[in-house]
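In what follows, a structure is listed as structure tokens, so that the remarks can point back to it.
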Protein chains: 2
Amino acid sequence: MSLKHGLLGLLNYGSMTGYELDKAFKASLSFFWQAKTSQIYRELAAMEGQGWLTSQRVIQSEKPNKRVYTITKDGKEELTTWLSSPEGDIKDAMGVRSAFLMRVFFAGETSTKQSLEMLYAYRQKCLESKTGLGGAYDAISEYGGIVGDERKAKYWQIAALYGDAFFEAGLNWADKAIDLLKEEMGE
Amino acid sequence: MSLKHGLLGLLNYGSMTGYELDKAFKASLSFFWQAKTSQIYRELAAMEGQGWLTSQRVIQSEKPNKRVYTITKDGKEELTTWLSSPEGDIKDAMGVRSAFLMRVFFAGETSTKQSLEMLYAYRQKCLESKTGLGGAYDAISEYGGIVGDERKAKYWQIAALYGDAFFEAGLNWADKAIDLLKEEMGE
DNA sequence: GTTTTATATTATACTTGTTGAATATTACTT
DNA sequence: AAGTAATATTCAACAAGTATAATATAAAAC
């Protein structure tokens with residue numbers, strides 16, 4: 001249900017259209033939760049059905065008409081309730097779901113050379129992703145400055161720091177794995 | 001499609017029933033891919049339909065009848081093809097999907113005390129998970145020894161090492177985050 | 001002036017994963 | 001003798017995510 005709660009969280013900052021939410025989601029939450037445009041619109045409709053949101057149609061002459069969503073009292077309550085029961089998500093956070101690791105598990109069926117190439121490619125992506133986080137930090141401090149809410153920005157920063165730790169761990173793991181495989185080739 | 005490929009990988013080691021696959025999956029692959037029993041049976045049926053597997057019914061008098069699945073030539077080809085095109089999964093591995101991080105992102109809506117509690121709970125789970133990996137290492141070296149396939153066991157070990165790196169990273173990140181929040185309280 | 005970009009939403013089919021229970025047999029435990 | 005665990009599979013309903021493309025308007029770029 002996390003997409004719904006992510007949308008609730010964003011709408012709690014202010015009313016938005018599906019289009020704006022899609023962009024806001026992709027600009028902020030997409031680092032740890034990905035969603036397609038069509039899914040966002042579908043969930044918004046479902047959330048309105050649940051009474052968490054209301055919407056008003058806004059007729060525009062210059063642009064296509066739009067629908068602005070606003071969080072309701074029920075929606076705010078739901079957000080608060082969700083935020084105060086993190087147990088399940090903490091447990092889930094201990095679980096990895098990675099097709100890449102499944103490949104590693106079965107990589108013994110391929111050549112050591114092929115496995116090494118895969119690990120080098122992974123290592124490289126970790127580096128790139130880590131570098132790419134710089135932009136996220138800039139965006140956060142900038143937005144935090146504009147909004148003037150340093151406290152909120154601190155949590156955004158902490159979430160972004162996770163990315164750094166995650167990619168750094170991937171990098172170190174890949175180096176260790178590469179060493180183990182090179183050992184094998186050297187023999 | 002990774003569940004299918006995980007099952008193919010296991011069946012490549014030898015023919016098995018759905019029941020045995022379910023246990024084998026949960027004993028080995030479940031660290032990085034979780035699947036329910038009912039899903040495994042459903043995928044097996046689909047894979048047979050795709051021609052990746054064949055099955056034979058085995059009538060037992062002592063126990064309920066069973067269906068033994070065997071990988072076909074097509075299935076082995078599919079496994080090989082999959083193993084030799086890791087690009088997509090490497091990219092996916094850069095993506096986090098974590099409801100927990102979404103909570104962190106929105107934690108500014110709750111009290112610092114509540115956020116700290118959440119982070120402490122997360123930290124504790126990381127510790128427990130890291131400790132729990134000891135069993136996985138034992139199982140791998142034991143199984144590797146029995147099967148006598150040191151090369152395969154090396155990849156299993158590498159996959160398990162990822163868990164270690166992942167939980168360690170989570171631990172360090174949590175410590176950093178806790179420090180940042182304590183700073184806030186101290187002021 | 002025609003293509004591209006941005007705005008804004010909707011539709012539909014499909015695949016994957018979750019939940020939970022029903023069914024049936026034998027062995028082991030108390 | 002009754003209850004629980006282990007073996008073994010199936011089913012049905014649902015929830016969530018993926019893939020893709022159709023539709024429509026206006027501004028901006030070339």
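Only heavy atoms go into these numbers, but all of them, side chains included; no hydrogens, no water, no symmetry mates. Chain naming here is simple, since letters A, B, ... match the order of the sequence lines and numbering starts at 1 in each.
Put simply, the residue from B:K76, B:K152, B:R151 that forms a salt bridge (Lys or Arg N to Asp or Glu O under 4.0 Å) with A:E109 is B:K152.
Of all non-hydrogen atoms in B:A159 and B:F31, the two that sit nearest each other are O-CE2, 4.4 Å. Counting all heavy atoms, side chain and backbone alike, A:L11 lies closest to A:Y69 at CD2-O, 3.5 Å. Residue B:M185 comes nearest to B:T112 through the heavy atom pair CG-CG2, 3.6 Å, listed as atom of the first residue, atom of the second, then distance.
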Q | side-chain contact (heavy atoms from CB on, under 4.5 Å) assessment of A:E20 paired with A:L10 | A | CA-CA 10 Å; A:E20 287 167 325; A:L10 291 177; over 6 Å; no

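Residues B:D22 and B:T17 form no side-chain contact, since every pair of their non-hydrogen atoms from C-beta on lies 4.5 Å or further apart. Using a 4.5 Å heavy-atom threshold, the side chains of B:W173 and A:I158 count as touching. Within the 4.5 Å cutoff, side-chain heavy atoms of B:L3 are placed close to those of B:F25.
The residue B:K36 sits close to a base: some heavy atom pair falls under 4.0 Å.
Linking ILVMFWY side-chain heavy atoms closer than 4.5 Å, directly or via other members, places A:L180 and A:F100 in a single hydrophobic cluster.
Proximity of residues 39-46 of chain A to DNA chain C (heavy atom under 4.0 angstrom from any strand atom) is restricted to A:Y41, A:R42. Non-hydrogen atoms lying under 4.0 Å from DNA chain D are contributed by nothing in residues 77-94 of chain A. The stretch residues 2-24 of chain A comes close to DNA chain C through A:T17, A:G18, A:Y19, A:K23, each having a heavy atom under 4.0 Å from the strand.
Using modelled atom types, no side-chain atom of B:S30 and backbone atom of B:A27 make a donor-acceptor pair closer than 3.5 Å. A donor-acceptor contact shorter than 3.5 Å links the side chain of B:T72 to the backbone of B:G75. In this structure, B:Q34 contributes its side chain and A:V96 its backbone to a donor-acceptor pair below 3.5 Å. In terms of modelled atom types and a separation under 3.5 Å, the side chain of A:Y19 and the main chain of A:R67 share no donor-acceptor contact.
Using five terminal pairs a side, the axes of the helix from C:dG1-D:dC30 to C:dT30-D:dA1 at its two ends make an angle of 30°, given in steps of 10 degrees.
With DNA chain D read from its 5' end, the first of the two nearest nucleotides for A:M1 and A:T37 is the one closest to A:M1.
When DNA chain D is scanned 5' to 3' for any atom under 4.0 Å from a heavy atom of chain A, the first and last hits are D:dA16 to D:dA26.
For A:S38 and C:dT10, a side-chain-to-base donor-acceptor distance below 3.5 Å is absent, hydrogens and geometry of angles not being considered.
Computed from coordinates, the A:Q56 CD to C:dT9 C1' distance equals 17 Å when rounded to whole Å. One interatomic measurement links the two molecules: OH of A:Y69 to C1' of C:dT10, which rounds to 11 Å at whole-angstrom precision.
Note: B:Y162 and A:Y122 have perpendicular aromatic rings, judged against thresholds of 30 and 60 degrees for the angle between ring planes.
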Please table the atom pairs, donor to acceptor, closer than 3.5 Å between any side-chain atom in residues 86-94 of chain A and protein atoms at least two apart or in another chain.
{"from": "A:D89", "atom 1": "OD2", "to": "B:R103", "atom 2": "NE", "distance (Å)": "2.7"}
{"from": "A:D89", "atom 1": "OD2", "to": "B:R103", "atom 2": "NH2", "distance (Å)": "3.1"}

